[in-house]
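The structure presented is a predicted model; accordingly, all values stated were derived computationally and were not measured. Whatever order the structure lists ligands and atoms in, that order sets their numbers, starting from 1.
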Amino acid sequence: FYRRVVSPGCSNFLLLGPSGAGKTALFSLLEAKTSHLSKRTSQLTHTSQTSTVATIALPPSIPTASNRYRSVNDPSLKEISRNPIKYRLKDTPGHGKLRESQGLSQLLLMSKSKEPNTRLRGVIFVVDTAALSEDEALRDTASYLHDVLLILQKRALNRGKSSSKLATEIPVLVAANKQDLFTALPPGSVREKLQAEIDRIRKTKSKGLMDAGAVDTEEDILGNDDGLDNFSFKLLEDEVGVTVDVIGGAVKEDNKEDLGSGVQKWEEWIGMCL
Ligand code: GTP
Ligand code: MG
C-alpha cells in the first residue's frame with residue numbers, strides 16, 4: 001500500500017506571549033536552522049510591531065505523531081532527510097497594546113479556519129521564566145495566557161455543540177524560555193505560578209459576572225465551571241479538552257551540548273502535532 005511521507009498540507013503554528021519573552025528570537029533561530037544559515041548567530045531582535053510568517057523544516061531526527069513508530073532502518077527516514085516535514089510558523093508582537101489587534105485576533109481567525117491548509121495545529125505561548133518572579137510580569141503573562149485559553153475554550157465548546165467532531169482541539173505549548181539564566185524559574189514552578197495567577201483572574205471575573213446578575217456564565221469562565229474551585233491546566237483538559245504543556249528550554253543555548261536542551265523539546269512537541 002502507499003503511505004504518504006511528505007508534509008500533510010501545511011500545518012500552522014502561532015507564536016504568542018508577552019513582549020520580550022523570546023518569540024522573535026525563537027522564530028529567527030528556527031528559520032536560520034531551516035535555511036542552514038550559520039547555526040549560531042546571536043539573534044538580534046527588537047520589539048515586534050507586526051506579524052511575520054515563515055515556513056520551517058522539522059529536523060529529520062524529530063519524530064512526528066504519524067511516524068513515531070518507524071524503525072531506524074525504515075527507508076522513509078532517508079526520504080524525510082531529503083524532504084523534511086515542514087510547517088508554517090507565525091510570529092506576533094507581544095506588546096500589550098498590540099495583543100488584541102494582532103495575537104488574539106490572529107488566534108481567533110486561524111482557529112476558526114476549516115481549510116486544511118490554514119488550519120491551526122497548535123499555539124506556542126512563549127514565556128520569560130526569568131521575569132516571572134516579578135508580580136507585574138506574572139500578572140501580564142497570566143492575563144494574556146488566560147485570554148488565549150478562553151478563546152480556545154469557546155471554540156472547543158462551540159465545536160461540541162455543532163457536533164463537527166472532525167477537527168481536534170488546538171493544544172498549547174507554554175515554552176518556558178530563558179532556562180539558561182540562573183534567575184529562571186524551573187518549568188514546574190512556572191506551571192504553578194501561572195495556574196495560581198489565572199485562578200485569581202478567573203475568580204475576579206466570575207465574581208464580576210455574578211455581581212452583574214449574569215446567569216449561565218460558565219462558558220465565559222476558564223475551566224467551564226463556576227470558578228469556585230482552584231484552576232489548573234488539568235481542569236481545563238478534563239472539562240474542555242484543551243491541553244496545556246509547560247516545557248522548559250532556551251533559545252540562546254540551542255546547539256550547546258553542555259547547557260540545557262535548547263529548543264529540541266519544543267520541536268518534539270511540534271512534531272507530535274504533525
Ligand atoms: P516582542 O516582539 O516585543 O513581543 O518580544 P519577543 O517575544 O519577540 O522577544 P525577543 O525575541 O525580541 O527577545 C527579547 C530578548 O530576550 C532579546 O534580547 C533576546 O535575545 C532575549 N532572549 C530570547 N531568548 C532567550 C534565551 O533563551 N535566553 C536568554 N538569556 N535571552 C533570550
Ligand atoms: Mg518579537
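- At under 3.5 Å, a nitrogen or oxygen of Val251, whether backbone or side chain, sits near a nitrogen or oxygen of ligand 1.
- Here Thr47 fails the criterion, with no N, O or S atom under 2.8 Å of the Mg ion (ligand 2).
- The distance criterion of under 3.5 Å between nitrogen or oxygen atoms is not met by Thr92 with respect to ligand 1.
- Minimum heavy-atom separation, Gln153 to Glu219: NE2-O, 3.0 Å.
- Annotation: the span from Thr129 atom OG1 to Asn177 atom CG amounts to 6.5 Å, rounded to 0.5 Å.
- Contact annotation: for Ala250 versus ligand 1, heavy atoms closer than 4.0 Å belong to both the backbone and the side chain.
- Residue contacts with ligand 1 leave out Val126, since none of its heavy atoms falls under 4.0 Å from the ligand.
- For Pro18, every heavy-atom contact with ligand 1 shorter than 4.0 Å involves the backbone, none the side chain.
- Annotation: Ser19 places an N or O atom under 3.5 Å from an N or O atom of ligand 1; distance criterion only.
- Under the ring-ring contact (aromatic ring centres under 6.0 Å, His included) rule, Phe13 has a single partner from Phe125, Tyr87, Trp266, which is Tyr87.
- Heavy atoms of Thr47 found under 4.0 angstrom from ligand 1 belong to the backbone as well as the side chain.
- Defined by atom type and a distance below 3.5 Å, a donor-acceptor pair is missing between the side-chain atoms of Gln106 and Gln102.
- Under a 4.0 Å heavy-atom criterion, Gly17 is not in contact with ligand 1.
- Between the Mg ion (ligand 2) and Ser19 there is no N/O/S contact shorter than 2.8 Å.
- Relative to atom 7 (O) of ligand 1, the option among Lys23, Arg99, Gln49 with the closest non-hydrogen atom is Lys23.
- Judged purely by atom type and a 3.5 angstrom limit, Lys178 has no side-chain atom pairing as donor or acceptor with the backbone of Ala131.
- The shortest non-hydrogen separation linking Thr92 to Ser51 is CG2-OG, 3.7 Å.
- Polar contact check, Asp91 against ligand 1: no nitrogen or oxygen pair lies under 3.5 Å apart.
- Using a distance-only test at 3.5 Å, with no hydrogens or angles considered, a donor-acceptor pair links the side chain of Ser35 to the main chain of Glu31.
- Contact annotation for Asn177 and ligand 1: only side-chain heavy atoms (C-beta onward) come within less than 4.0 Å of the ligand.
- Of the N or O atoms in Leu181, none lie within a sub-3.5 Å distance of an N or O in ligand 1.
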